Every structure is written in C-alpha cells, then in structure tokens.
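Okay, structure first, notes after.
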Amino acid sequence: MQSKVQAKRTADIRKHLLRQIEIGNFSRGAVLPSERELAEQLDASYMTVRKAIGQLVDECYLERIPRVGTFVSSRVSASKVLRQLGVVIPAWTAPENSDFIMYASEAAEQNGWLPKFYFARHWEDRTLTDAWQNSDALLCVPPQSVNRMPDDLLERFRSHEKPVVLVGVPAYHFGLDTVAGAVELELGMLLDRLAQAGHIRIALVEQYTLMNDQLELDTPTFYSVWKQRITENLGADAVSELEILVETPRFELPHRAIYEKLKAFGHKLPFSAIITRVPFLWGVTAALSDLGFRIPEDVSLVSNGDRQEVPFYRPKLSYLKVPLRDHAFKALELIQLRSQNPRLPVQYAMIQPVFIEGETLKTFKHSKNEKRVS
C-alpha cells in the first residue's frame with residue numbers, strides 16, 4: 001500500500017513540475033530550485049521529488065548537470081512544450097500598450113508560442129535581462145530611446161543568439177530586427193489630406209520629451225517633418241505660431257499640460273486645423289470645448305495612433321493609424337524567420353498607414369492666390 005501511495009505522490013509531483021514547464025514558469029534553459037527546496041515547497045520527501053525529476057530527465061524535459069543543478073532542456077520539442085515568447089512593455093499604463101498585449105497574445109497563440117509579459121521602466125531594468133534569459137525569443141516595445149540602450153544589452157540583442165524584434169521605432173540601423181511605421185510617410189499623408197481639405201495653417205501638438213527621445217535616433221520625427229513642411233510653405237516665423245509643444249510633469253499624463261497650452265490662445269486661434277496623437281486627444285478636445293470652439297466647424301482635428309476604442313469616439317475621429325495588430329503579427333513573422341536562420345541580415349518590416357475618414361475634418365475653399373501646405 002505504501003509503495004502505491006509513494007508512486008501516486010511521485011506521479012503528482014511529476015505532473016506538477018511538467019505543468020510549470022508547459023505554462024512557462026520554468027522556461028527552456030531555466031534552472032529549477034534544488035531538489036531539497038522543491039521537497040520543502042511541495043511538502044514531499046526528498047526521494048519522491050528526486051524520482052519525479054528523474055522521470056522528467058528520462059523523458060528529456062529536464063537535464064541534470066552534476067554539482068551545478070537541474071535545468072529545463074533547451075532541446076525539448078516545441079510539440080511537447082510551446083516556445084516562450086517574452087514580450088517587453090513599457091512599465092506605465094497606456095491603452096495602446098494594453099491593446100498591443102492583446103494583439104501579441106493573439107499572434108503568439110496562432111503561431112505556436114507561449115507569451116510571457118515583462119514590464120520595464122528603462123533599459124537598465126533587470127527585467128530586460130530576465131526576459132532575454134528566460135525566453136526563446138523576445139518582442140520588445142522600447143521603454144526609452146534605443147540610443148540609450150547599454151552596450152552590453154545591445155550586443156546581447158544583436159548577437160541573434162535568440163530572436164529579438166523591436167516594435168514601433170526604427171532600430172534597424174542599430175543592427176536590430178525592427179517592425180515600425182515610417183514617420184515621413186505618415187505625417188505626409190496627414191498634411192496632404194489637410195491640404196486637400198483646404199487647410200493652410202496647421203498646428204501640431206507634441207511633447208518635448210517624446211520629441212527629444214526620437215531626435216536622439218537621428219531619424220525623422222513628426223515634429224521635424226511637420227516643421228520642414230510648414231517652413232517651406234509659410235516661412236520659419238509660422239512655426240513658432242503653430243507649434244504646440246508641451247512638457248509633461250513627471251508622473252502625470254500630458255492632458256493637463258496640453259489643455260493649459262491651448263487655453264492660452266484664448267478665443268483667437270492662429271490655425272484652422274490641429275494634428276494630435278490619439279493619446280493627447282482628450283486634452284485638445286477639452287480645451288477647444290471650454291474655449292467655445294466647435295469641431296470641425298471652427299477648427300478641424302486629425303489624429304494619428306491606433307486604439308481599439310477610437311472607432312467609438314463621437315464625433316467620429318478623422319485619423320491615421322499604423323495598425324498595432326499588424327505590428328504584432330509582422331514581429332512574429334520576423335521571429336520565425338530569425339529562428340530558422342540566425343544569419344539573416346537585419347530585418348526591417350514597415351507597417352503601412354491607413355487614413356480613416358471621420359467627422360472632425362472640415363473641407364473648405366481658399367482663393368487661388370493662397371498657398372497651401374502640400
């Protein structure tokens with residue numbers, strides 16, 4: 001009777017450990033707690049735990065290295081244990097981050113990966129090292145400008161020992177596989193659409209911190225592209241009148257700073273249209289409403305960004321999106337390619353923007369001698 005009880009207990013512990021491996025709590029290559037620690041945690045005898053682990057070693061789920069420890073086998077078949085996809089997300093709440101988590105989960109499930117999410121405050125956050133070590137591949141939404149990434153982390157990422165794909169920023173010139181949009185194309189589409197509608201003086205809402213982080217990459221930004229177009233068409237002096245740049249206090253959303261900046265214009269606006277990011281939208285619309293301006297009768301509003309709830313805004317928003325879902329699925333495609341051939345050249349997938357016609361953009365005509373932003 002006792003041997004049957006022990007055999008059942010061994011089977012239960014084997015089943016428990018295998019489940020922890022299958023759901024990603026012990027990923028490929030991860031070291032297990034010592035057998036004595038496991039015995040204490042599971043309230044079992046040392047020999048029972050050792051037998052359960054021995055069975056998993058025999059089944060090639062685990063590997064024992066004398067005087068080192070017991071590890072999850074890095075060679076365990078994907079048909080037995082799903083490959084683990086580490087997904088790094090900036091450690092602050094934002095609806096677009098939540099949306100991306102959903103899309104990454106969907107893409108992982110459809111492609112046979114087990115997603116595990118890590119939230120990082122900055123590049124030196126230990127979470128990033130843990131994510132890389134405990135995953136078979138890494139999908140990373142940068143918590144900071146890529147230019148700030150420490151050299152040791154950058155070298156680890158671009159070694160291609162494991163597939164790593166950065167999402168949402170142009171990082172291919174750092175030697176990293178990248179999925180992102182193209183700022184020049186996106187803002188060009190917005191400005192062209194506004195020009196077609198007859199708008200000449202077009203304001204841009206932007207954060208100093210966001211703008212500066214992007215400038216560190218030495219690549220085009222929404223601000224730099226907008227500034228060039230405004231300067232070409234209206235002259236350099238118009239830029240200072242039309243730029244709405246705000247500094248967001250720490251630990252706050254940008255809405256209040258944007259609201260106050262727009263309220264300072266009073267009841268006379270030097271522009272007929274505003275371009276704003278979707279995350280900034282509430283600060284913009286609240287200020288215009290409190291000033292007594294109607295959208296789009298008095299001022300047109302177009303936005304850029306992608307959130308699942310945007311189609312339900314009223315009035316229906318005119319906006320340009322670079323679909324987050326496309327980012328997630330394309331990133332998984334690059335991960336699959338890199339898994340099959342680590343020696344591939346650096347991969348860059350550009351996600352195409354889509355303009356959604358809404359009800360916040362007014363079309364009107366100008367006299368023939370007026371110059372438009374086009």
Side-chain angles (χ1 to χ4, degrees), residues 87 89-90 92-110 115 117 139 141 167-169 179-183 185-199 202-207 210 222 226 244 253-255 258-259 262 272-290 293-332 349-364:
V87 183
I89 303 291
W92 49 84
T93 56
E96 58 268 29
N97 289 345
S98 298
D99 284 355
F100 187 74
I101 286 172
M102 285 186 271
Y103 295 135
S105 299
E106 180 189 4
E109 181 178 307
Q110 290 192 20
F117 297 94
L139 193 161
V141 179
V167 176
V169 298
V179 175
V183 169
L185 174 61
E186 294 160 25
L187 188 57
M189 285 180 64
L190 283 175
L191 289 171
D192 290 343
R193 182 65 188 86
L194 286 166
Q196 291 168 11
H199 293 276
I202 302 167
L204 176 71
V205 175
E206 187 62 287
Q207 281 180 285
L210 180 59
F222 265 79
W226 169 86
I244 304 172
L253 292 171
H255 303 74
I258 291 169
Y259 175 88
L262 276 166
S272 65
I274 299 176
I275 297 175
T276 180
R277 297 175 186 268
V278 169
F280 305 162
L281 192 64
W282 302 121
V284 174
T285 56
L288 293 175
S289 176
D290 289 354
F293 293 109
R294 299 165 301 164
I295 301 172
E297 291 84 357
D298 301 316
V299 58
S300 288
L301 181 63
V302 296
S303 193
N304 64 293
D306 184 25
R307 287 188 179 176
Q308 290 190 18
E309 74 270 19
V310 170
F312 304 100
Y313 290 176
R314 296 297 181 270
K316 292 181 179 178
L317 183 65
S318 300
Y319 70 105
L320 182 140
K321 70 174 182 178
V322 186
L324 287 173
R325 188 175 184 275
D326 291 357
H327 280 77
F329 276 83
K330 182 57 70 171
L332 256 294
M350 189 179 78
I351 305 301
Q352 293 297 320
V354 180
F355 187 81
I356 309 298
E357 295 287 353
E359 300 169 348
T360 59
L361 173 56
K362 179 182 178 181
T363 299
F364 57 92

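As the structure is a prediction and not an experimental result, all values here were calculated from the model.
- If you take CG on D306 and CD1 on I356, they are separated by 9.0 Å, rounding to the nearest 0.5 Å.
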Legend entry - Intermediate values then yes/no, side chain to side chain contact (heavy atoms under 4.5 Å, CB included), I258 and V284: CA-CA 6 Å; I258 291 169; V284 174; 3.7 Å; yes

Inset, instruction - Test side chain to side chain contact (heavy atoms under 4.5 Å, CB included) on V302 and L320 and set out the steps. - result: CA-CA 8 Å; V302 296; L320 182 140; over 6 Å; no

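- How far CG of L324 is from CG of D99: 6.5 Å, rounded to the nearest 0.5 Å.
- The backbone N or O of T285 lies less than 3.5 Å from no partner atom in the side chain of S289, so there is not a single donor-acceptor pair.
- Using a distance-only test at 3.5 Å, with no hydrogens or angles considered, a donor-acceptor pair links the side chain of S303 to the main chain of V278.
- Judged purely by atom type and a 3.5 angstrom limit, H199 has no side-chain atom pairing as donor or acceptor with the backbone of R193.
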Inset, instruction - Report the C-alpha distance between V322 and H327 in whole Å, list the side-chain angles of each, state the deciding distance to 0.1 Å, and finish with yes or no for side chain to side chain contact (heavy atoms under 4.5 Å, CB included). - result: CA-CA 8 Å; V322 186; H327 280 77; 3.5 Å; yes

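- Proximity of a side-chain donor or acceptor of T360 to a complementary backbone N or O of L301 within less than 3.5 Å is detected.
- Within the 3.5 Å criterion, the main-chain N or O of L361 finds no donor-acceptor partner in the side chain of S300.
- Judged as a side chain to side chain contact (heavy atoms under 4.5 Å, CB included), and not counting sequence neighbours, the contacts of E106 are Y103, Q110, R325, F329.
- Residue E109 places its CD atom among 12 or fewer non-hydrogen atoms of other residues, nucleotides or ligands, all under 6.0 Å distant.
- Y313 is linked by a ring-ring contact (aromatic ring centres under 6.0 Å, His included) to W282, counting only residues two or more places apart in sequence or in another chain.
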